[in-house]
Amino acid sequence: MTPIPPVTTGSVKPKKTPKPKKPDWRQAFAPKNLADTLLAGYLPILIALLVIVLPLAWMVLSSFKPANEIVTLDPSLLPQDPTLSNYETVGDRVPLLTVLGNSVIVTVIGATVKVVLAITTAYALVFIRVPGVNLIFLGILVALMVPPEVSMLPNYLTISSLGGRDTLWGIILPGLGTAFGTFLLRQHFMALPKEMFEAAELDGAGHFRKLLQSAVPVSIPAIATVSLVTIVNEWNNFLWPLIIIDSPEKMTLPVGLNLLQSIESQTGSYGILMAGAVLVIVPVLIIFAALQRYIVAGLTQGAVK
């Protein structure tokens, strides 16, 4: 028998352990990436903070300052002697609860009707074969490009002839259509999968069921975005309510605070005006905080396949 040669086992080389990856922030601040990080990253953020956040912060902080801390040669960012007297003065000079209630009524009714009309109109433009649909959409685009100030005089004459001057419904009625919301939701509905609506048709669903059970549930982020823009526009609307309203009892909050500006014409009243501006902004910030996650979802929707 021929002897079996012994099996020689070669030396197995150990695997090299990969070097630990540097954190992203270290890579960003590496010498070769430092210029890009500062110029393309932090510099735009700092400019945005200075342009957007700093005036808002100054407004909020100034609303708690007495007059001698605002009109001074040595101003400070933080109030040295915080006070609520500015807000008390706003409540004394302006019927705050009345104008606030008017703004809530106008915003809730106007924004609700606008969003509902935008959803139904966008659905009809995409899923219902309406004669002349392209011409209708062209008219919506034209309305989107025309500034609202152009229609101020025709709207004023129409609402006045209908008896809507100095009324809340006179504020709401001319702006019930929203070209922006209709355009945005139409583009969103066009991106929805057609198979979903075909399956609903096989189940015997009509347009009303397809709208409520298929289109709306998957379009919540887009609808929330339209709702936020509409609510902000309704809440901050100033020029039209100023034209159509005469009595302080029917004024909305921005117009009522303009009355405050007419009363307070001295330089020492800046803190009072700042307090009034804060009262206008705070409700919008609360609504934005409530809709933020839907808006972020709408902005990132479709980014990852």
Side-chain angles (χ1 to χ4, degrees), residues 99-128 130 133 136-152 154-156 158-159 162 164-165 167-190 192 207-208 211-212 215-245 250-255 280-281 283-292 294-295 297-299:
V99 297
L100 182 61
N102 293 337
S103 286
V104 170
I105 294 173
V106 170
T107 301
V108 170
I109 297 177
T112 301
V113 175
K114 275 187 175 182
V115 172
V116 171
L117 288 178
I119 293 173
T120 52
T121 306
Y123 179 87
L125 290 175
V126 176
F127 298 104
I128 301 177
V130 182
V133 62
I136 296 174
F137 182 64
L138 180 61
I140 293 174
L141 291 180
V142 172
L144 188 61
M145 299 174 187
V146 174
E149 290 78 11
V150 174
S151 60
M152 285 288 178
N155 285 337
Y156 179 80
T158 303
I159 296 300
L162 294 175
R165 184 175 177 180
T167 61
L168 295 183
W169 69 264
I171 301 176
I172 299 171
L173 184 60
L176 290 183
T178 165
F180 168 77
T182 304
F183 171 77
L184 184 64
L185 290 177
R186 174 191 179 271
Q187 300 305 111
H188 176 76
F189 287 161
M190 291 182 66
L192 295 178
H207 286 297
F208 188 73
L211 174 63
L212 293 183
V216 171
V218 299
S219 305
I220 293 298
I223 294 174
T225 303
V226 173
S227 301
L228 178 64
V229 174
T230 305
I231 290 171
V232 171
N233 289 337
E234 288 291 320
W235 184 265
N236 294 331
N237 191 14
F238 173 75
L239 186 57
W240 174 246
L242 179 65
I243 293 174
I244 203 67
I245 296 298
K250 299 295 182 180
M251 289 181 176
T252 55
L253 189 57
V255 181
V280 175
I281 292 175
V284 177
L285 294 179
I286 295 174
I287 295 172
F288 176 79
L291 299 177
Q292 181 182 10
Y294 297 106
I295 296 170
L299 294 175

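Here the structure is a predicted model, which is why all the values come from computation and not from measurement.
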Which is it for Leu184 and Phe180 under the side-chain contact (heavy atoms from CB on, under 4.5 Å) test, yes or no, and what are the steps along the way? CA-CA 6 Å; Leu184 184 64; Phe180 168 77; 4.1 Å; yes
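- Looking at heavy atoms from C-beta onward, Ile223 lies in side-chain contact with Val115 at the 4.5 angstrom threshold.
- Between Val126 and Met190, the shortest heavy-atom contact is CG2-CG, 3.7 Å.
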Should Val146 and Ser151 be marked as a side-chain contact (heavy atoms from CB on, under 4.5 Å) after you check the CA-CA gap, both sets of side-chain angles, and the distance that decides it? CA-CA 9 Å; Val146 174; Ser151 60; over 6 Å; no
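- By the 4.5 Å heavy-atom criterion applied to side chains, Ser103 and Pro254 are counted as neighbours.
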Step by step, would you call Thr178 with Leu117 a side-chain contact (heavy atoms from CB on, under 4.5 Å)? CA-CA 8 Å; Thr178 165; Leu117 288 178; 5.7 Å; no
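- Put simply, CG on Leu242 and CG on Asn237 are 10.0 Å apart, with the number rounded to the nearest 0.5 Å.
- Closest approach of Leu100 to Trp235, counting heavy atoms only: CD1-CH2, 3.6 Å.
- Taking CD1 of Ile243 as the reference point, atom CG of Leu239 lies at 4.0 Å (rounded to 0.5 Å).
- Counting heavy atoms from C-beta outward, Pro147 and Val150 have side chains that approach closer than 4.5 Å.
- In this structure, the separation between NZ on Lys114 and OG1 on Thr121 is 13.0 Å, given to the nearest 0.5 Å.
- Within the model, atoms CG of Leu173 and OG1 of Thr158 stand 9.0 Å from one another, a figure rounded to the nearest 0.5 Å.
- No option in Val255, Thr252, Asn155 other than Asn155 meets the side chain to side chain contact (heavy atoms under 4.5 Å, CB included) test with Trp240.
- Put simply, the side chain of Ile231 does not reach to within 4.5 Å of the side chain of Val108, judged on heavy atoms.
- A pairwise comparison of heavy atoms in His188 and Val218 identifies NE2-O, 3.9 Å as the closest pair.
- Without hydrogens or angle criteria, Thr167 side chain to Gly170 main chain gives a donor-acceptor distance under 3.5 Å.
- Using cut-offs of 30° and 60° on the angle between ring planes, the pair Phe189 and Tyr123 is perpendicular.
- Considering CD1 of Ile119 and OG of Ser227, their distance stands at 6.5 Å, rounded to 0.5 Å.
- Of the inter-residue distances, the one linking Ile172 atom CD1 with Thr107 atom OG1 reads 8.5 Å to the nearest 0.5 angstrom.
- Remark: side-chain polar atoms of Thr182 are not paired, donor with acceptor, to backbone N or O of Ala179 under 3.5 angstrom.
- Within the 4.5 Å cutoff, no side-chain heavy atoms of Phe127 are placed close to those of Leu211.
- Closest heavy-atom contact between Gly164 and Trp169: CA-CZ2, 3.3 Å.
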